Amino acid sequence: MTDATTDVDLWRRVREGDRSAFEEVVKRHQSAVAAVAYNVRGDLATSEDVAQEAFWAAWRGRDTLQDPNRLRPWLCGIARNLAANSRRKAAARPGTAALGGDDVPDAGDGPAESALGREEQALIWRSLEELPDLYREPLILYHRQDQSVAEVAATLEISQDAVKQRLSRGRAMLRERLAGLVEEGLRASRPGRSFTVGVMAGLGANLAAKPAAAGVAGAAAPFVASSGLLGGLLGSGAGLAGAWFGAWLPAQAAPTVRERDLMLASGRRMLVAGLVFTATIAGLVYFAAGTRWYLPAWLVAMVGFQAWLLVDVVVLTRKLREAKASRTDADEPNRTAARRGMAKVAANVRGRSHRSRWTLLGLPLLDVQVADPPGFDEDGVMIRPAGPRGSATGWIAVGDDARGALLAVGGRAVGLIAIGDRSLGLVAFGGIAIGGVGLGGLAIGGVAVGGGAFGWVAVGGLAVGAYAAGGAAFGWKLAIGGLAVAREIALGGGSISPRPIPPAAGLQWLRGGPAPVLELAGPIAGALRRLLAGGTLLWCAVGASALGLGASRFAAMYRIARDRGAEPVRTPSSR
């Protein structure tokens with residue numbers, strides 16, 4: 001068999017059970033596979049054991065590789081996961097270390113250890129261990145793969161320029177006096193013919209071996225479903241439940257059963273659409289990753305889902321407007337706990353009205369125009385309509401319909417900073433918030449944070465964007481969450497992407513460790529990591545801030561009535 005035989009041809013024969021073809025695969029890729037294992041474990045003997053197990057796992061899972069052009073990255077992914085599992089097990093055993101090979105028996109040296117003494121090995125690893133993984137792995141691969149930048153780039157699936165940059169940075173970070181020793185040691189410790197023989201000799205015995213560890217299953221498929229899949233399902237459920245709650249809560253406050261049912265029907269449609277969208281994206285990643293129509297199909301699904309949500313919101317708004325216009329006494333009132341709570345509040349407040357005499361460029365500095373709330377009986381049934389809707393326009397505007405050059409606060413708010421039930425602004429807060437930065441129940445913007453968040457950077461229960469983080473996160477470039485689905489990189493409880501991140505490496509990065517891939521070293525990914533690392537305390541602060549904004553908006557719009565404490569009107573039907 002010649003070196004000209006491609007990986008695709010080799011793997012086609014491997015899938016047919018050709019062991020000679022598999023032996024050629026081992027010889028061709030053993031240096032890279034052992035290198036990534038060494039990068040994680042830090043011990044030559046252990047890394048070769050892990051690399052052998054990786055090849056055996058690859059043989060068992062040979063039918064799962066969808067794109068043989070990605071053979072080397074696929075093999076290295078298996079090795080990374082196995083090495084991470086090996087390190088965790090070593091750390092969990094009393095009296096052993098997670099790295100450095102302390103858990104490895106000393107009964108005899110393998111070929112790699114014969115080339116380097118134990119003290120020399122320890123010195124080399126101590127020097128390499130000081131480097132971030134982002135720079136250490138390319139450096140190890142480079143000296144294990146005939147100093148070929150192209151081969152390292154193919155293994156890591158990054159550009160050659162990126163490899164050169166990382167190599168240069170990695171060398172600069174090594175102590176000068178040790179650089180030569182490290183490079184020579186890595187070259188001398190490459191696995192040779194004896195490694196290939198060992199893999200092939202153990203192949204038969206491992207056909208009946210127990211299935212590979214949980215981490216291998218993820219790397220052996222075109223996507224990762226980590227051992228935390230239950231967490232992913234729970235995260236997905238939490239995201240969709242958040243979206244449903246965002247529809248259910250306003251429905252409880254609707255004046256009539258007809259309007260309530262319209263809102264609940266829209267919420268159910270959104271829930272079903274979310275489930276269909278989740279299944280569609282997962283199916284695309286599983287069945288189409290690596291094909292030429294994968295990216296267009298992904299884009300169509302993402303744009304189509306968001307377009308559907310927008311259309312549904314527009315249709316719902318029109319139907320609610322029609323229902324309000326045609327409302328009659330025959331419409332069944334919506335008797336809910338939310339409506340009864342509104343009755344108690346409305347009985348004690350009145351709308352504010354004030355316009356400042358001072359103006360700037362023709363606009364009042366402050367304009368406050370808020371209608372009195374409607375009157376309710378004690379069951380929450382409206383018996384007196386609200387006052388005429390107040391419209392406010394000024395530099396600072398507060399009203400039922402507020403348009404502020406600087407700040408707008410109201411039911412519907414448009415301004416540089418907008419706070420309202422429906423808000424539009426450079427920075428927008430509200431039930432539905434649209435802006436450069438949007439924070440709300442449903443948030444749409446360049447940066448969106450909310451129960452349902454859609455933006456370039458999205459954080460929420462259900463988050464969709466180029467960079468997304470949340471209970472259920474769907475990202476173009478990066479997704480982090482309970483369920484994380486991405487075109488490029490995903491990590492979380494249940495993660496689906498063509499470029500899986502080993503769970504251990506992802507967790508280490510989230511905790512402040514080095515970025516396992518270049519994309520996670522960027523400023524947006526770093527900001528998401530810091531946001532998620534804030535934990536419960538941060539999210540409690542976010543929740544408290546949201547409640548504070550809501551209370552401030554209410555205080556700005558309404559004043560305590562002089563007839564405070566008046567009981568809601570009682571009617572014979574409510575007794």
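None of these values were measured; they are calculated from a predicted model.
Rounding to the nearest 0.5 angstrom, the gap separating the CD1 atom in Ile140 from the OG atom in Ser47 is 9.0 Å. Rounded to the nearest 0.5 Å, atoms CD1 (Ile524) and CG (Leu478) are 9.5 Å apart. In this structure, the separation between CG on Leu75 and CD on Gln30 is 11.5 Å, given to the nearest 0.5 Å. From Ile489, atom CD1 reaches atom OH of Tyr467 across 9.0 Å, with rounding to the nearest 0.5 Å. A distance of 7.5 Å separates SG of Cys76 from CD of Glu137, quoted to the nearest 0.5 Å. Interatomic distance, Leu10 CG to Glu24 CD, rounded to the nearest 0.5 Å: 6.0 Å.
The pair Glu16-Arg13 fails the salt-bridge criterion, with no side-chain N (NZ, NE, NH1 or NH2) lying under 4.0 Å from an Asp/Glu carboxylate O. Ion pairing of Arg41 with Glu53 is absent here, as no side-chain N (NZ or NE/NH1/NH2) approaches a carboxylate O to less than 4.0 Å. We find that Asp18 and Arg12 are not joined by a salt bridge, their nearest charged nitrogen and carboxylate oxygen being 4.0 Å or further apart. Between Glu23 and Arg19 there is no salt bridge, since no side-chain nitrogen of the basic residue lies less than 4.0 Å from a carboxylate oxygen of the acidic one. Using a 4.0 Å cut-off between charged nitrogen and carboxylate oxygen, Arg15 and Asp63 count as a salt-bridge pair.
For Val40 against Ala84, the heavy-atom pair with the smallest separation is CG1-N, 3.8 Å. Contact between Gly455 and Ala458 at its shortest, heavy atoms only, is N-CB, 3.9 Å. Between Leu141 and Ala35, the closest heavy-atom pair is CD2-CB, 3.7 Å. Residues Ala469 and Ala463 approach most closely at O-CB, 3.5 Å, considering heavy atoms. Nearest heavy-atom pair across Arg166 and Tyr135 is O-CD2, 3.6 Å. Between Pro73 and Ala154, the shortest heavy-atom contact is CG-O, 3.5 Å.
Between Val50 and Tyr38, the closest side-chain pair of non-hydrogen atoms is not below 4.5 Å. No side-chain heavy atom of Leu426 sits less than 4.5 Å from a side-chain heavy atom of Val437. At a threshold of 4.5 Å between non-hydrogen side-chain atoms, the residues Val149 and Leu167 count as touching. Inter-residue side-chain proximity for Tyr142 and Glu151 is flagged as unmet; no heavy-atom pair is nearer than 4.5 Å. Considering only heavy atoms from C-beta on, Val276 comes within 4.5 Å of Thr280 through its side chain. Counting only heavy atoms from C-beta outward, the side chains of Gln160 and Val152 never approach each other to under 4.5 Å. Residues Leu528 and Val457 meet the side-chain proximity criterion, which asks for heavy atoms closer than 4.5 Å.
Classified by interplanar angle (parallel below 30°, tilted 30° to 60°, perpendicular above 60°), the ring pair Phe22/Trp11 is tilted.
Under the 3.5 Å distance criterion, the side-chain polar atoms of Arg28 are left unmatched by any main-chain donor or acceptor of Val25. A donor-acceptor pair under 3.5 Å is absent between the side-chain atoms of Ser168 and the main chain of Lys164, judged by distance alone. Judged by distance alone, with hydrogens and angles left aside, the side-chain atoms of Arg80 form no donor-acceptor pair with the main-chain N or O of Ala37 at under 3.5 Å.
Taking the ring axis of Trp74 as reference, the NZ or CZ atom of Arg70 does not stay both within 45° of it and closer than 6.0 Å to the ring centre.
Not counting sequence neighbours, Asp161 has no partner by the salt bridge (Lys or Arg N to Asp or Glu O under 4.0 Å) test.
A centroid separation of 6.0 Å or more is found between the aromatic rings of Trp476 and Trp456.
Counting only N and O atoms by type, the side chains of Asp49 and Thr46 include no donor and acceptor under 3.5 Å apart.
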